Amino acid sequence: MENIIHSPRKNTYVNISALPLIKNGKLIGVVSTERDVSEITNLSRELEFTKEKLDYLQVEVRKMNEDKFSFGNIVGKSKIMTHTIDRAYQVASTTSSVLISGESGTGKEVFARAIHQSSGREGAFVAINCSAIPESLFESEMFGYESGAFTGALSKGKIGKIEIANGGTLFLDEIGDMPLHMQAKLLRVLQERQLMRVGGDKSISLDVRVISATHRNLEDMVKAGTFREDLYYRLNVVNIKLPSLSDRIEDVPLFVKLFIEEFCRENHMKVPNISPEILNMLMNYSWPGNIRELKNMVEHLVVFSKNNEIQIDTLPEYINNKEDKTISIKNEKSLTDLIRKTEIKAIHDAMKECGNNKQQAAKLLDIPRSTLYYKIKFYDLNQYL
(Lines give C-alpha, C1' and ligand atoms only; values in the text may rest on other atoms or scores of the structure.)
Protein backbone atom coordinates (compact mmCIF):
# COMPACT_ATOMS: atom_id res chain seq x y z
CA MET A 1 0.00 0.00 0.00
CA GLU A 2 1.27 3.47 -0.85
CA ASN A 3 -0.06 6.83 0.27
CA ILE A 4 -3.42 5.63 1.58
CA ILE A 5 -5.40 8.25 3.53
CA HIS A 6 -6.94 6.83 6.70
CA SER A 7 -9.13 8.56 9.29
CA PRO A 8 -8.74 6.79 12.67
CA ARG A 9 -11.09 9.32 14.29
CA LYS A 10 -13.16 12.32 13.21
CA ASN A 11 -11.18 15.23 11.74
CA THR A 12 -7.91 13.26 12.03
CA TYR A 13 -6.16 11.91 8.93
CA VAL A 14 -2.96 9.94 8.36
CA ASN A 15 -1.12 9.01 5.18
CA ILE A 16 -0.09 5.34 5.38
CA SER A 17 2.42 3.40 3.28
CA ALA A 18 3.16 -0.25 4.06
CA LEU A 19 5.64 -2.59 2.32
CA PRO A 20 6.31 -6.30 3.04
CA LEU A 21 9.78 -7.57 4.07
CA ILE A 22 10.56 -10.75 2.17
CA LYS A 23 13.68 -12.92 2.70
CA ASN A 24 14.35 -16.06 0.71
CA GLY A 25 10.82 -15.90 -0.63
CA LYS A 26 9.26 -15.76 2.81
CA LEU A 27 7.39 -12.90 4.46
CA ILE A 28 9.29 -11.96 7.60
CA GLY A 29 7.62 -8.66 8.41
CA VAL A 30 6.18 -5.37 7.25
CA VAL A 31 7.48 -1.82 7.30
CA SER A 32 4.69 0.69 7.86
CA THR A 33 5.01 4.47 7.90
CA GLU A 34 2.35 6.89 8.97
CA ARG A 35 2.36 10.64 8.48
CA ASP A 36 -0.13 12.93 10.18
CA VAL A 37 -1.80 14.99 7.43
CA SER A 38 -4.80 16.19 9.48
CA GLU A 39 -3.97 19.86 9.17
CA ILE A 40 -3.32 19.67 5.42
CA THR A 41 -6.48 17.64 4.80
CA ASN A 42 -8.67 19.95 6.87
CA LEU A 43 -7.21 23.00 5.13
CA SER A 44 -7.87 21.36 1.77
CA ARG A 45 -11.49 20.68 2.67
CA GLU A 46 -11.91 24.23 3.96
CA LEU A 47 -10.44 25.48 0.69
CA GLU A 48 -13.00 23.43 -1.24
CA PHE A 49 -15.85 24.96 0.78
CA THR A 50 -14.42 28.45 0.26
CA LYS A 51 -14.01 27.85 -3.49
CA GLU A 52 -17.62 26.71 -3.77
CA LYS A 53 -18.79 29.81 -1.91
CA LEU A 54 -16.58 32.03 -4.08
CA ASP A 55 -18.00 30.49 -7.27
CA TYR A 56 -21.51 31.23 -6.01
CA LEU A 57 -20.56 34.80 -5.09
CA GLN A 58 -19.06 35.41 -8.53
CA VAL A 59 -22.30 34.31 -10.20
CA GLU A 60 -24.32 36.55 -7.89
CA VAL A 61 -22.06 39.57 -8.41
CA ARG A 62 -22.30 39.13 -12.18
CA LYS A 63 -26.08 38.88 -11.94
CA MET A 64 -26.25 41.99 -9.77
CA ASN A 65 -24.15 43.95 -12.25
CA GLU A 66 -26.17 42.74 -15.23
CA ASP A 67 -29.66 43.12 -13.82
CA LYS A 68 -28.91 46.15 -11.63
CA PHE A 69 -31.50 45.31 -9.03
CA SER A 70 -32.31 48.41 -7.04
CA PHE A 71 -35.36 50.37 -5.97
CA GLY A 72 -34.51 53.02 -8.55
CA ASN A 73 -34.88 50.45 -11.33
CA ILE A 74 -38.22 49.06 -10.16
CA VAL A 75 -40.84 50.08 -12.73
CA GLY A 76 -43.88 51.85 -11.38
CA LYS A 77 -45.26 55.37 -11.01
CA SER A 78 -48.71 54.46 -9.71
CA LYS A 79 -49.64 55.62 -6.22
CA ILE A 80 -49.96 52.09 -4.85
CA MET A 81 -46.57 51.12 -6.27
CA THR A 82 -44.67 54.15 -5.03
CA HIS A 83 -46.11 53.50 -1.55
CA THR A 84 -44.95 49.86 -1.72
CA ILE A 85 -41.44 50.87 -2.86
CA ASP A 86 -41.17 53.45 -0.06
CA ARG A 87 -42.20 50.83 2.49
CA ALA A 88 -39.64 48.31 1.23
CA TYR A 89 -36.90 50.95 1.11
CA GLN A 90 -37.61 51.95 4.71
CA VAL A 91 -37.22 48.39 6.00
CA ALA A 92 -34.15 47.58 3.85
CA SER A 93 -31.56 49.03 6.23
CA THR A 94 -32.85 47.02 9.21
CA THR A 95 -32.25 43.37 10.06
CA SER A 96 -35.97 42.58 10.33
CA SER A 97 -37.32 39.52 8.55
CA VAL A 98 -39.54 40.43 5.60
CA LEU A 99 -42.41 38.45 4.11
CA ILE A 100 -43.28 39.50 0.55
CA SER A 101 -46.73 38.37 -0.55
CA GLY A 102 -48.43 38.73 -3.89
CA GLU A 103 -49.69 36.86 -6.91
CA SER A 104 -47.29 34.97 -9.17
CA GLY A 105 -45.55 37.29 -11.60
CA THR A 106 -45.75 40.46 -9.48
CA GLY A 107 -41.97 40.72 -8.98
CA LYS A 108 -41.36 39.32 -5.49
CA GLU A 109 -37.71 38.37 -6.16
CA VAL A 110 -37.05 41.75 -7.76
CA PHE A 111 -38.15 43.41 -4.51
CA ALA A 112 -36.15 40.95 -2.39
CA ARG A 113 -32.97 41.73 -4.35
CA ALA A 114 -33.62 45.47 -4.11
CA ILE A 115 -34.02 45.20 -0.33
CA HIS A 116 -30.74 43.28 -0.11
CA GLN A 117 -28.90 45.74 -2.32
CA SER A 118 -30.09 48.68 -0.21
CA SER A 119 -29.37 46.92 3.09
CA GLY A 120 -25.61 47.48 3.04
CA ARG A 121 -25.00 43.83 3.89
CA GLU A 122 -21.70 42.64 2.45
CA GLY A 123 -22.61 38.97 2.08
CA ALA A 124 -24.32 37.28 -0.85
CA PHE A 125 -27.96 37.25 -1.84
CA VAL A 126 -28.84 33.54 -1.91
CA ALA A 127 -32.20 32.52 -3.37
CA ILE A 128 -33.85 29.18 -2.64
CA ASN A 129 -37.00 28.13 -4.46
CA CYS A 130 -38.73 25.96 -1.87
CA SER A 131 -41.08 24.48 -4.47
CA ALA A 132 -38.22 23.25 -6.66
CA ILE A 133 -36.24 21.19 -4.11
CA PRO A 134 -37.20 17.51 -3.59
CA GLU A 135 -38.22 16.90 0.03
CA SER A 136 -35.48 14.32 0.54
CA LEU A 137 -32.77 16.83 -0.44
CA PHE A 138 -34.08 19.81 1.49
CA GLU A 139 -31.94 19.45 4.60
CA SER A 140 -28.64 18.84 2.81
CA GLU A 141 -29.35 21.65 0.34
CA MET A 142 -30.16 24.12 3.11
CA PHE A 143 -27.63 23.11 5.77
CA GLY A 144 -24.91 21.36 3.77
CA TYR A 145 -23.23 18.13 4.86
CA GLU A 146 -19.93 16.65 5.94
CA SER A 147 -18.09 13.95 3.98
CA GLY A 148 -19.67 10.53 4.32
CA ALA A 149 -22.79 11.98 5.95
CA PHE A 150 -25.05 9.71 3.88
CA THR A 151 -24.97 7.36 0.91
CA GLY A 152 -24.21 9.29 -2.24
CA ALA A 153 -22.68 12.25 -0.41
CA LEU A 154 -19.66 13.91 -1.99
CA SER A 155 -16.41 12.77 -0.39
CA LYS A 156 -15.41 16.36 0.36
CA GLY A 157 -18.84 17.34 1.76
CA LYS A 158 -20.89 20.30 0.59
CA ILE A 159 -21.60 23.78 1.92
CA GLY A 160 -25.29 24.63 2.38
CA LYS A 161 -27.19 27.60 0.99
CA ILE A 162 -27.75 29.15 4.43
CA GLU A 163 -24.03 29.08 5.14
CA ILE A 164 -23.28 30.69 1.78
CA ALA A 165 -25.69 33.48 2.75
CA ASN A 166 -23.81 34.14 6.00
CA GLY A 167 -23.32 37.89 6.28
CA GLY A 168 -25.87 38.45 3.53
CA THR A 169 -29.49 37.71 2.70
CA LEU A 170 -31.32 34.39 2.41
CA PHE A 171 -34.34 34.60 0.09
CA LEU A 172 -36.84 31.78 0.59
CA ASP A 173 -39.12 31.89 -2.41
CA GLU A 174 -42.45 30.02 -2.23
CA ILE A 175 -41.95 29.47 1.51
CA GLY A 176 -45.44 27.96 1.69
CA ASP A 177 -44.11 24.87 -0.12
CA MET A 178 -41.48 24.10 2.54
CA PRO A 179 -42.11 20.70 4.21
CA LEU A 180 -43.28 20.83 7.85
CA HIS A 181 -40.23 18.98 9.22
CA MET A 182 -37.95 21.52 7.53
CA GLN A 183 -40.00 24.40 8.93
CA ALA A 184 -39.13 23.23 12.45
CA LYS A 185 -35.42 22.96 11.63
CA LEU A 186 -35.37 26.35 9.93
CA LEU A 187 -37.08 27.94 12.95
CA ARG A 188 -34.43 26.52 15.25
CA VAL A 189 -31.64 27.91 13.05
CA LEU A 190 -33.27 31.35 13.00
CA GLN A 191 -33.77 31.36 16.78
CA GLU A 192 -30.30 30.11 17.72
CA ARG A 193 -28.48 31.87 14.84
CA GLN A 194 -26.43 28.70 14.42
CA LEU A 195 -26.52 25.70 12.11
CA MET A 196 -24.90 22.32 11.98
CA ARG A 197 -24.15 20.55 8.72
CA VAL A 198 -25.71 17.12 8.20
CA GLY A 199 -23.34 14.59 9.73
CA GLY A 200 -21.37 17.31 11.48
CA ASP A 201 -20.76 17.95 15.18
CA LYS A 202 -19.67 21.60 15.08
CA SER A 203 -22.06 24.56 15.23
CA ILE A 204 -21.54 27.42 12.78
CA SER A 205 -22.52 30.93 13.87
CA LEU A 206 -24.79 32.80 11.48
CA ASP A 207 -25.58 36.40 10.62
CA VAL A 208 -28.29 36.01 7.97
CA ARG A 209 -31.15 38.32 7.05
CA VAL A 210 -34.18 36.32 5.90
CA ILE A 211 -36.61 37.49 3.23
CA SER A 212 -39.36 35.06 2.26
CA ALA A 213 -42.04 35.22 -0.39
CA THR A 214 -45.26 33.43 -1.20
CA HIS A 215 -48.36 33.67 -3.38
CA ARG A 216 -50.27 31.58 -0.83
CA ASN A 217 -52.29 32.73 2.17
CA LEU A 218 -50.02 31.63 5.03
CA GLU A 219 -52.59 32.60 7.65
CA ASP A 220 -55.02 30.07 6.17
CA MET A 221 -52.22 27.49 6.06
CA VAL A 222 -51.47 28.12 9.75
CA LYS A 223 -55.15 27.54 10.59
CA ALA A 224 -55.14 24.36 8.49
CA GLY A 225 -51.99 23.11 10.26
CA THR A 226 -49.87 23.01 7.10
CA PHE A 227 -47.59 25.87 8.17
CA ARG A 228 -46.05 26.40 11.59
CA GLU A 229 -47.50 29.35 13.44
CA ASP A 230 -44.25 30.14 15.27
CA LEU A 231 -42.29 30.20 12.01
CA TYR A 232 -44.96 32.38 10.38
CA TYR A 233 -44.59 35.06 13.06
CA ARG A 234 -40.80 34.75 12.88
CA LEU A 235 -40.81 35.43 9.13
CA ASN A 236 -43.67 37.94 9.05
CA VAL A 237 -42.06 40.74 11.07
CA VAL A 238 -42.64 43.11 8.16
CA ASN A 239 -45.16 42.25 5.47
CA ILE A 240 -44.91 43.78 2.02
CA LYS A 241 -47.84 43.01 -0.27
CA LEU A 242 -47.17 43.55 -3.95
CA PRO A 243 -50.17 44.78 -5.95
CA SER A 244 -51.36 42.85 -8.96
CA LEU A 245 -50.90 44.47 -12.36
CA SER A 246 -54.66 45.06 -12.62
CA ASP A 247 -54.39 47.31 -9.54
CA ARG A 248 -51.67 49.43 -11.15
CA ILE A 249 -52.87 49.43 -14.74
CA GLU A 250 -51.39 52.89 -15.37
CA ASP A 251 -47.96 51.25 -15.15
CA VAL A 252 -48.66 49.00 -18.17
CA PRO A 253 -47.31 51.53 -20.75
CA LEU A 254 -44.07 51.82 -18.74
CA PHE A 255 -43.60 48.04 -18.76
CA VAL A 256 -44.47 47.80 -22.46
CA LYS A 257 -41.84 50.39 -23.35
CA LEU A 258 -39.23 48.73 -21.10
CA PHE A 259 -39.87 45.20 -22.40
CA ILE A 260 -39.87 46.29 -26.06
CA GLU A 261 -36.53 48.04 -25.63
CA GLU A 262 -34.99 45.14 -23.66
CA PHE A 263 -36.10 42.51 -26.16
CA CYS A 264 -34.95 44.54 -29.17
CA ARG A 265 -31.58 45.23 -27.55
CA GLU A 266 -31.02 41.55 -26.77
CA ASN A 267 -32.02 40.49 -30.28
CA HIS A 268 -30.37 43.38 -32.17
CA MET A 269 -33.71 44.58 -33.55
CA LYS A 270 -35.00 48.05 -34.32
CA VAL A 271 -37.56 49.23 -31.76
CA PRO A 272 -41.04 49.08 -33.39
CA ASN A 273 -43.84 51.59 -32.87
CA ILE A 274 -46.93 50.67 -30.89
CA SER A 275 -50.25 52.43 -31.52
CA PRO A 276 -52.42 54.02 -28.79
CA GLU A 277 -55.29 51.61 -29.51
CA ILE A 278 -53.06 48.60 -28.82
CA LEU A 279 -51.90 50.22 -25.58
CA ASN A 280 -55.54 50.82 -24.65
CA MET A 281 -56.38 47.18 -25.29
CA LEU A 282 -53.46 46.06 -23.15
CA MET A 283 -54.58 48.39 -20.37
CA ASN A 284 -58.14 47.08 -20.50
CA TYR A 285 -56.99 43.47 -20.00
CA SER A 286 -56.95 42.03 -16.46
CA TRP A 287 -53.47 40.33 -16.68
CA PRO A 288 -54.03 37.29 -14.44
CA GLY A 289 -50.38 36.34 -15.06
CA ASN A 290 -49.28 39.84 -14.03
CA ILE A 291 -45.92 41.30 -15.16
CA ARG A 292 -44.57 37.93 -16.33
CA GLU A 293 -47.56 37.47 -18.65
CA LEU A 294 -47.21 41.03 -19.96
CA LYS A 295 -43.52 40.50 -20.72
CA ASN A 296 -44.26 37.33 -22.70
CA MET A 297 -47.04 39.15 -24.56
CA VAL A 298 -44.75 42.05 -25.51
CA GLU A 299 -42.09 39.67 -26.83
CA HIS A 300 -44.76 37.95 -28.93
CA LEU A 301 -45.91 41.29 -30.37
CA VAL A 302 -42.36 42.41 -31.21
CA VAL A 303 -41.49 39.10 -32.87
CA PHE A 304 -44.48 39.39 -35.22
CA SER A 305 -44.21 43.13 -35.86
CA LYS A 306 -44.01 44.27 -39.50
CA ASN A 307 -42.57 47.39 -41.13
CA ASN A 308 -41.35 48.55 -37.74
CA GLU A 309 -44.93 48.58 -36.43
CA ILE A 310 -46.63 46.31 -33.91
CA GLN A 311 -49.73 44.93 -35.64
CA ILE A 312 -53.12 44.86 -33.92
CA ASP A 313 -53.98 41.52 -35.55
CA THR A 314 -51.06 39.87 -33.71
CA LEU A 315 -52.85 40.37 -30.38
CA PRO A 316 -54.36 37.13 -29.04
CA GLU A 317 -58.11 36.75 -29.53
CA TYR A 318 -58.88 37.00 -25.81
CA ILE A 319 -57.53 40.58 -25.92
CA ASN A 320 -58.30 41.59 -29.49
CA ASN A 321 -61.93 40.49 -29.38
CA LYS A 322 -62.74 41.83 -25.96
CA GLU A 323 -64.76 44.77 -27.32
CA ASP A 324 -68.46 44.34 -28.06
CA LYS A 325 -68.78 43.50 -31.77
CA THR A 326 -72.27 45.01 -31.96
CA ILE A 327 -70.91 48.57 -31.58
CA SER A 328 -71.04 50.53 -34.82
CA ILE A 329 -67.91 52.44 -35.76
CA LYS A 330 -69.13 53.91 -39.06
CA ASN A 331 -69.04 57.44 -37.72
CA GLU A 332 -65.72 57.08 -35.93
CA LYS A 333 -62.31 57.79 -37.43
CA SER A 334 -60.57 54.93 -35.60
CA LEU A 335 -60.87 52.44 -32.80
CA THR A 336 -58.90 54.85 -30.62
CA ASP A 337 -61.58 57.54 -31.04
CA LEU A 338 -64.30 55.03 -30.23
CA ILE A 339 -62.54 53.86 -27.07
CA ARG A 340 -61.84 57.45 -26.03
CA LYS A 341 -65.47 58.53 -26.42
CA THR A 342 -66.80 55.43 -24.69
CA GLU A 343 -64.47 55.75 -21.71
CA ILE A 344 -65.01 59.50 -21.27
CA LYS A 345 -68.81 59.05 -21.34
CA ALA A 346 -68.60 56.17 -18.86
CA ILE A 347 -66.50 58.29 -16.47
CA HIS A 348 -68.86 61.27 -16.76
CA ASP A 349 -71.91 59.07 -16.10
CA ALA A 350 -70.30 57.30 -13.12
CA MET A 351 -69.04 60.51 -11.50
CA LYS A 352 -72.47 62.14 -11.95
CA GLU A 353 -74.26 59.16 -10.41
CA CYS A 354 -71.82 59.01 -7.47
CA GLY A 355 -71.72 62.73 -6.78
CA ASN A 356 -68.10 63.03 -7.94
CA ASN A 357 -66.98 60.45 -5.36
CA LYS A 358 -64.09 58.76 -7.15
CA GLN A 359 -63.97 55.73 -4.88
CA GLN A 360 -67.67 54.95 -5.50
CA ALA A 361 -67.32 55.75 -9.21
CA ALA A 362 -64.42 53.32 -9.56
CA LYS A 363 -66.52 50.66 -7.82
CA LEU A 364 -69.42 51.36 -10.18
CA LEU A 365 -67.11 51.09 -13.21
CA ASP A 366 -65.59 47.89 -11.75
CA ILE A 367 -62.02 49.21 -11.99
CA PRO A 368 -59.38 50.02 -9.34
CA ARG A 369 -59.48 53.61 -8.09
CA SER A 370 -55.88 54.08 -9.29
CA THR A 371 -57.05 53.23 -12.84
CA LEU A 372 -59.84 55.81 -12.61
CA TYR A 373 -57.30 58.46 -11.52
CA TYR A 374 -55.12 57.54 -14.50
CA LYS A 375 -58.03 57.74 -16.97
CA ILE A 376 -59.11 61.14 -15.60
CA LYS A 377 -55.59 62.52 -16.07
CA PHE A 378 -55.15 60.77 -19.43
CA TYR A 379 -58.31 62.36 -20.85
CA ASP A 380 -57.70 65.74 -19.13
CA LEU A 381 -60.93 65.56 -17.14
CA ASN A 382 -59.55 68.14 -14.72
CA GLN A 383 -62.97 68.89 -13.22
CA TYR A 384 -62.74 65.58 -11.35
CA LEU A 385 -59.23 66.07 -9.93
Side-chain angles (χ1 to χ4, degrees), residues 1-62 122-130 132-168 170 172 178-179 181-208:
M1 297 186 344
E2 289 189 28
N3 297 322
I4 302 299
I5 301 296
H6 173 60
S7 180
R9 61 181 182 274
K10 195 167 186 63
N11 294 326
T12 301
Y13 303 91
V14 291
N15 186 322
I16 302 176
S17 293
L19 297 172
L21 293 177
I22 299 174
K23 184 178 181 181
N24 299 327
K26 291 183 179 181
L27 177 67
I28 61 172
V30 174
V31 175
S32 176
T33 60
E34 296 183 5
R35 184 161 59 96
D36 187 350
V37 291
S38 300
E39 185 176 358
I40 295 173
T41 304
N42 287 328
L43 283 173
S44 176
R45 295 179 66 209
E46 189 175 338
L47 182 62
E48 287 289 343
F49 282 126
T50 303
K51 182 180 180 300
E52 188 172 345
K53 186 172 183 178
L54 180 61
D55 290 342
Y56 190 95
L57 286 171
Q58 286 175 335
V59 172
E60 284 299 313
V61 168
R62 187 163 59 247
E122 296 181 357
F125 176 92
V126 179
I128 300 176
N129 188 334
C130 297
I133 303 175
E135 189 169 341
S136 59
L137 299 179
F138 234 109
E139 190 169 2
S140 60
E141 195 70 20
M142 293 274 286
F143 303 135
Y145 57 83
E146 297 288 356
S147 60
F150 51 86
T151 303
L154 296 175
S155 59
K156 64 185 179 187
K158 182 177 172 64
I159 190 171
K161 292 290 194 297
I162 298 179
E163 195 174 341
I164 293 175
N166 205 359
L170 179 69
L172 300 172
M178 179 177 284
H181 76 279
M182 277 304 302
Q183 293 178 26
K185 293 181 179 182
L186 174 63
L187 178 63
R188 184 174 179 181
V189 167
L190 297 181
Q191 288 175 336
E192 298 180 357
R193 295 183 177 273
Q194 290 184 331
L195 70 76
M196 191 178 295
R197 294 177 190 149
V198 177
D201 57 4
K202 185 174 69 173
S203 294
I204 300 168
S205 297
L206 291 174
D207 173 23
V208 175

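All of these numbers come straight from a predicted model, not from anything done at the bench.
Every residue two or more places apart in sequence or in another chain that forms a side chain to side chain contact (heavy atoms under 4.5 Å, CB included) with E192 is listed here: R188. By the side chain to side chain donor-acceptor pair (under 3.5 Å) test, Q191 pairs with no residue at all, sequence neighbours left out.
Atom NE2 of H6 sits about 10.0 Å away from atom OG1 of T12, to the nearest 0.5 Å. For the atom pair L206 CG and Q194 CD, the distance stands at 7.5 Å (nearest 0.5 Å). For the atom pair CZ of F138 and CE of M178, the computed distance is 4.5 Å after rounding to the nearest 0.5 Å. Expressed to the nearest 0.5 Å, how far CD1 of I128 lies from CD1 of I162 amounts to 6.0 Å. The distance from atom CG of L187 to atom NZ of K185, rounded to the nearest 0.5 Å, is 13.0 Å. For the atom pair OG (S140) and CZ (R197), the distance works out to 13.0 Å, reported to the nearest 0.5 Å.
Each of I159, L170, V208 was evaluated against I164; a single residue qualifies, I159, per the side chain to side chain contact (heavy atoms under 4.5 Å, CB included) test.
Looking at every heavy atom in both residues, I133 comes nearest to E141 through CD1-CG, 4.0 Å. The shortest heavy-atom contact between F143 and V189 is CE2-CG2, 3.6 Å. Contact detail for E135 and P179: the closest heavy-atom pair is CG-CG, 3.6 Å.
Although no hydrogens or angles enter the test, the distance criterion places no donor-acceptor pair under 3.5 Å between the side chain of S203 and the main chain of M196. One N or O on the side chain of N166 and one on the backbone of S205 form a donor-acceptor pair closer than 3.5 Å.
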Next on the checklist: Is there a side-chain contact (heavy atoms from CB on, under 4.5 Å) between L172 and M142? Walk through the geometry before answering.
Outcome noted: CA-CA 10 Å; L172 300 172; M142 293 274 286; 4.2 Å; yes

